[in-house]
Structures are given as C-alpha cells and as structure tokens.
Amino acid sequence: MNTADAKRVLETALICSQQPLPVRELRVLFNDELGADTIKTLLQDLQNDWAQRGVELVGVASGWRFQSRPEMREYLDRLHPEKPPKYTRATLETLAIIAYRQPVTRGDMEDIRGVTINTLILKQLEDRGWVEVIGHREAVGRPALFATTRQFLDDLGIESLDQLPMLDNPAQQASVLESLNHLSATLQPGLPIDADAPHEEEAAVTAAESGEVASGDEAGPIGTPS
C-alpha cells in the first residue's frame, strides 16, 4: 500500500469514528504492518492536508479525531443554537481544584475553598465522566481520592493536564474551564459534555450551591499544577 492509500484509509476511519482513535487502534487498519512511528507521520501529513479547511485533525488524550476549527463556531451555532450546560462557580471551582491539584480528597477541596463541598457537585462531575475515584488515602476513614479522566481531557480538546494554563487561584481556573467547556461543546456537539442533565438534579445542585454561597464562598490560592 502506498502513502496516499494509507492516508486515505486513516482519513476515512477517523472521519467515520465517533470517538478519538489511538495509534494502536489505527495500526489494526493495516494488520499491524505499519509501525507507530509511520502512523504518526501519516497523521501529521493529514494534519497538513487539512490545514486550510474548516475541519482539523487533532490529537487528544484518547487518540486522534477530526473536529471543526474555532473560527467556524459562529456558523455552527446557527445550526445548533442550544447552549451548553451552565455550571455554577462552585462546580467549576471544585473541578478546577481536582484538575490542578489531583489526586485530592473531598477534605482537601473543602480546605482550599473554605466551604463544604456538596455531595451533589461531585456526583454531577462524576456523572459527566470528568472525575473519578482513583483510590483512597491511607488516613483515618480512608477518604476517596479524586482525579480527572481522559474524557475530561478529550472534552476540553487537550492531550494532557500540562496544557492547562498555569493560574494561581480557583476563580481564574474556573473561568478557563468554563471557556474551554463552551468551546469544546461547539467543536464536538455530540460529546457527553453537551448532554442535558436531569432538570431535577441540576436544580438540586443549584439550590445546594446557593446555600453554600450564602455561608461563604471565598477561596484562597490554589497554586499551580503539581
């Protein structure tokens, strides 16, 4: 198989896939006759081929995928006028703490934010597939350790946490995640990030967070990714 045919096979598989495809799966297309380095070179060639189009080939945490370019957003919004879910400040700050300081326990989050973290907030983030329990700290009560998932990185359109900007406080970090949330919902409207949560659950979270804000919602510096 020549280079042009190999690129056409990769292009077809990536366009037809609803999920990012890692290099190891792309090698299956060629019965493992092409090595990982060759596949990566072909993917880079494809990126160049699509450089002047409205769709781009990008690498994210789970693999490679095609997505629309940011400048196409205003036009695609006309086809999909529904806005992505809005997350409260408390939810985004909790997500930012997990993203920038993981692995962390619920107690760690509460110490950083200075308020009690409502259980519904963590449940909402878990249901979205953005955070998960990866273990337990060897301490009294063996509290759960939370970390972000590959889905979180995929939905934000990045390959690793190193690509998150280095910011010093929860408010700034939450704002960045909110911006990435809205952008990625436009780039990938079919992803779970854009799915509607049950109204009852959203209302319960909002009500709980409103109570939390009333009791004090200022947080100290969160630091930079470790």
Spacing of CD1 belonging to Ile158 relative to CG belonging to Leu153, to within rounding of 0.5 Å: 5.0 Å
Nearest non-hydrogen partners of Glu110 and Ile117, listed with the distance: OE2-N, 3.1 Å
Which atom of Thr148 lies closest to which atom of Glu132, heavy atoms considered: O-OE2, 4.4 Å
Least distance between heavy atoms, Leu164 atom then Ala99 atom: CD1-CB, 4.1 Å
Ring pair (Phe, Tyr, Trp, His ring centres under 6.0 Å) contacts touching residues 11-56 (sequence neighbours left out): Trp50-Phe66
Thr38 side chain to Leu34 backbone, donor-acceptor under 3.5 Å: no
In one Ile/Leu/Val/Met/Phe/Trp/Tyr side-chain cluster, 4.5 Å: Leu46, Val9: yes
Arg69 side chain vs Arg53 backbone, donor-acceptor pair below 3.5 Å: yes
From CE (Met1) to CD (Glu33), nearest 0.5 Å: 8.0 Å
Same cluster (ILVMFWY, side-chain, under 4.5 Å), Ile15 and Leu29: yes
For Val133 against Glu126, the heavy-atom pair lying closest together: CG2-OE2, 4.0 Å
Same apolar cluster: Leu161 and Ile98, side chain cutoff 4.5 Å: yes
Atom pair CD1/CD of Ile121 and Glu93 - distance to nearest 0.5 Å: 10.0 Å
Gln163 side chain reached by Ser160 side chain, heavy atoms, under 4.5 Å: yes
Crowding at CZ, Arg142 (>12 non-hydrogen neighbours, <6.0 Å): yes
Between CG on residue Asp127 and NZ on residue Lys123, distance to nearest 0.5 Å: 4.0 Å
Leu95 CG to Trp130 CH2 distance, which is reported to the nearest 0.5 Å: 6.5 Å
Leu43 side chain reached by Leu57 side chain, heavy atoms, under 4.5 Å: yes
Step-by-step side-chain contact (heavy atoms from CB on, under 4.5 Å) determination, Asp49 to Lys7: CA-CA 10 Å; Asp49 292 345; Lys7 286 168 58 178; 2.7 Å; yes
Verdict with reasoning, Asp155 to Val60, per side-chain contact (heavy atoms from CB on, under 4.5 Å): CA-CA 9 Å; Asp155 286 354; Val60 293; over 6 Å; no
Common cluster, Val55/Leu10, ILVMFWY with side-chain heavy-atom separation under 4.5 Å: yes
Pro70 side chain reached by Glu56 side chain, heavy atoms, under 4.5 Å: yes
side-chain contact (heavy atoms from CB on, under 4.5 Å) between Thr91 and Gln124, worked out: CA-CA 9 Å; Thr91 299; Gln124 183 184 34; 3.6 Å; yes
Heavy-atom pair with the smallest gap, counting every atom of Leu42 and Ala6: CD1-CB, 3.8 Å
Contact summary for Arg128 and Gln151, nearest pair of heavy atoms: O-CG, 4.5 Å
Sidechain-backbone polar pair: Asn118 side chain, Leu120 backbone, donor-acceptor under 3.5 Å: yes
Trace of the side-chain contact (heavy atoms from CB on, under 4.5 Å) decision for Trp64 with Leu21: CA-CA 5 Å; Trp64 292 77; Leu21 295 176; 5.6 Å; no
Donor-acceptor pair, side chain of Thr12 and main chain of Arg8, under 3.5 angstrom: yes
same_hphob_cluster(Leu92, Tyr100) at 4.5 Å side-chain heavy-atom cutoff: yes
Nearest-0.5 Å distance, CD of residue Gln102 to CG of residue Asp108: 12.5 Å
Any Arg65 side-chain heavy atom under 4.5 Å of Leu14 side chain: no
